[in-house]
Amino acid sequence: MFDFRRAFGVCVAIAMLAGCRGLTAGNVVPTSDAPSSSLPKHRSFYFTGRAQDFRVPEGVTNISVVARGAKGAGNRVAFGGRVTAVIRVTPGEKLVIYVGGDASGNTGGFNGGADGGFLRNPYFGYGGGGASDVRQGGRNLDNRVLVAGGGGGRGEAGYSYRGGAGGEGGDATGGSGENGPYSGGGGGTQYSGGSGGSGGYLDDNPGIDGSLGAGGVGGWGCSTSSCDWGGAGGGGGGGYYGGGGGGTGSAEGPYGNGGGGGGGGSSYVEPSATKWHMWRGWKNPTHNGLVVISW
């Protein structure tokens, strides 16, 4: 479980960082995803849509990891988080790497990104981005030792009002989805998934709560002619715990409101890790997530 007692006064000593003042994106943000210049070897893992293996070299007992989650979809993009840490390993052991995929339209990204809600083609809430993680001792969710959360998806616009932006992924608690003006999904935490956003008048379809490793699906729009104009909710981002799906916007005659954005997924670092640091909403133009291991 995440050790909050170390969350203050810790400064990452990895050379790739530009500074260290805390845990959120509002402080100093590193300028590169490059591996540590102080370590001679590294291997980069890019998005493939499947698990990837890494065999720890002989003689290596610690690895430096930098991971970045994927972003949610929509024209108001919510970026995934970024995490760095030094992880204890055993020479010869196999680690399993999952690199999150960006959401695409309604569809959530690989590794926990949830789909947005749906009204009917082409009206939909946008999907959440997938998380990137490193697993030690197996391939299950409880084997994760480092996670970078994905960003939430944007809510669908209503007839008169835009949908809410997704919450940024990362940090101990992911960002909440923006109201549109009805409820955005909550960010995932260290203990539970983000709460799904509540639905609006006549279109009372809430978003689904996030869960361990996965975001919640956005609330679906109304399918009848009497309430067509309430926008669907955005999907939550994947993470240690995923963000909640955004709620559906109200459908009040011809003036429907947009759906809420999906919440961002949380990041995580195992308690025995050292020199760790995390940021919410790593603004990098590169597509999909990334994991870099240095030794």
Side-chain angles (χ1 to χ4, degrees), residues 25 69-81 100 102-109 112-119 123-131 149-171 173-189 193-200 203-210 214-221 230-239 241-251 256-266 280-283:
K71 57 183 177 288
N75 59 3
R76 303 174 66 208
V77 174
F79 291 87
D102 289 345
S104 177
N106 176 251
T107 305
D115 293 348
F118 198 79
L119 175 55
Y123 304 109
F124 53 78
Y126 291 83
R154 184 179 70 80
E156 177 197 353
Y159 181 74
S160 301
Y161 300 95
R162 62 178 171 78
E168 293 182 324
D171 209 343
T173 300
S176 296
E178 182 181 78
N179 295 343
Y182 282 84
S183 184
T189 74
S195 298
S198 59
D203 221 357
D204 191 16
N205 294 325
I208 303 301
D209 294 345
V217 175
W220 280 49
Y241 278 92
T248 303
S250 66
N257 294 310
S266 62
R280 182 190 294 163
W282 170 243
K283 294 175 173 53

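The model shown is predicted, which means the values in this text are computed figures rather than measured ones.
- Contact detail for S104 and A73: the closest heavy-atom pair is N-CB, 4.3 Å.
- Listed here is the closest heavy atom pair of A114 and V217: CB-N, 3.8 Å.
- Between the CD1 atom of I208 and the OG atom of S195 there is a distance of 11.5 Å, given to the nearest 0.5 Å.
- D115 contributes a side-chain N or O that, together with a main-chain N or O of G108, makes up a donor-acceptor pair within less than 3.5 Å.
- Between the side chain of D102 and the backbone N or O of A70 there is no donor-acceptor pair closer than 3.5 Å.
- At least one donor-acceptor pair under 3.5 Å links the side chain of T248 to the backbone N or O of N205.
- When all heavy atoms of G167 and A78 are compared, the closest pair comes out as O-CB, 3.5 Å.
- In this structure, N179 contributes its side chain and G260 its backbone to no donor-acceptor pair below 3.5 Å.
- Side-chain N or O atoms of R154 include none that pairs as donor or acceptor with a backbone N or O of E178 at under 3.5 Å.
- The OG1 atom of T107 lies 8.0 Å from the CZ atom of F124; values are rounded to the nearest 0.5 Å.
- Listed here is the closest heavy atom pair of A103 and G127: CB-O, 3.1 Å.
- In this structure, the side chain of S266 engages the main chain of Y241 through a donor-acceptor pair within 3.5 Å.
- Heavy-atom minimum distance, G125 versus A232: N-CB, 3.7 Å.
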